[in-house]
Asker: 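Provided herewith is a single structure, encoded as structure tokens, for subsequent inquiry.
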Amino acid sequence: MNLSWTSQVIGSYLSAEGIPILRGRDFTDADRAGSPLVVIVNHTLAQRYWPGQDPIGKRIHWGLMETPLPWMTVVGEIGGREAKLSR
């Protein structure tokens, strides 16, 4: 069984929390309602689903495959809490 935890952030949350962007980018003003859906994933998820690959540009779908939820494009990869604590 695959379980996940998601959260939504606004503003410059990642930099305020000191969470490093390992690849790609942070959210921008262009990432708004009506624009293509984007997501930033953590390093653990990236390595689990795309081991040894760059996750930027990959697509991800939350929920069951038969659920009519939209696909999102990965625009960033962040370090996890361990990366924040080791800085």
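Please read all numbers here as calculations on a predicted model, not as lab measurements.
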Asker: By ring pair (Phe, Tyr, Trp, His ring centres under 6.0 Å), which residues pair with Trp50, not counting sequence neighbours?
Answerer: none

Asker: To the nearest 0.5 Å, what is the distance between CG on Leu14 and CD1 on Ile19?
Answerer: 5.5 Å

Asker: How far does OG1 of Thr44 sit from OH of Tyr49, to the nearest 0.5 angstrom?
Answerer: 11.5 Å

Asker: Identify the heavy atoms of Leu45 and Asn42 that sit nearest to each other, and give their distance.
Answerer: N-OD1, 2.8 Å

Asker: If I take atom CD from residue Glu77 and atom CD1 from residue Ile40, how far apart are they, to the nearest 0.5 angstrom?
Answerer: 11.0 Å

Asker: What I'd like to find out is whether the side chain of Ile78 reaches to under 4.5 Å of the side chain of Val41, using heavy atoms alone.
Answerer: no

Asker: Donor-acceptor pairs under 3.5 Å, side chain of residues 28-38 to any protein atom, not counting sequence neighbours: which ones?
Answerer:
residue: Thr28; atom: OG1; partner: Ala30; partner atom: N; Å: 3.2
residue: Asp31; atom: OD1; partner: Arg25; partner atom: NH2; Å: 3.2
residue: Asp31; atom: OD2; partner: Arg25; partner atom: NH1; Å: 2.8
residue: Asp31; atom: OD2; partner: Thr28; partner atom: N; Å: 2.8
residue: Arg32; atom: NE; partner: Asp29; partner atom: O; Å: 2.7
residue: Arg32; atom: NH2; partner: Asp29; partner atom: O; Å: 2.9
residue: Ser35; atom: OG; partner: Ala30; partner atom: O; Å: 3.1
residue: Ser35; atom: OG; partner: Arg32; partner atom: N; Å: 3.0
residue: Ser35; atom: OG; partner: Arg32; partner atom: O; Å: 2.5

Asker: Using atom types as modelled, flag every donor-acceptor pair under 3.5 Å from a side chain in residues 51-60 to any protein atom, sequence neighbours excluded.
Answerer:
residue: Gln53; atom: OE1; partner: Lys58; partner atom: NZ; Å: 2.8
residue: Asp54; atom: OD1; partner: Ile56; partner atom: N; Å: 3.0

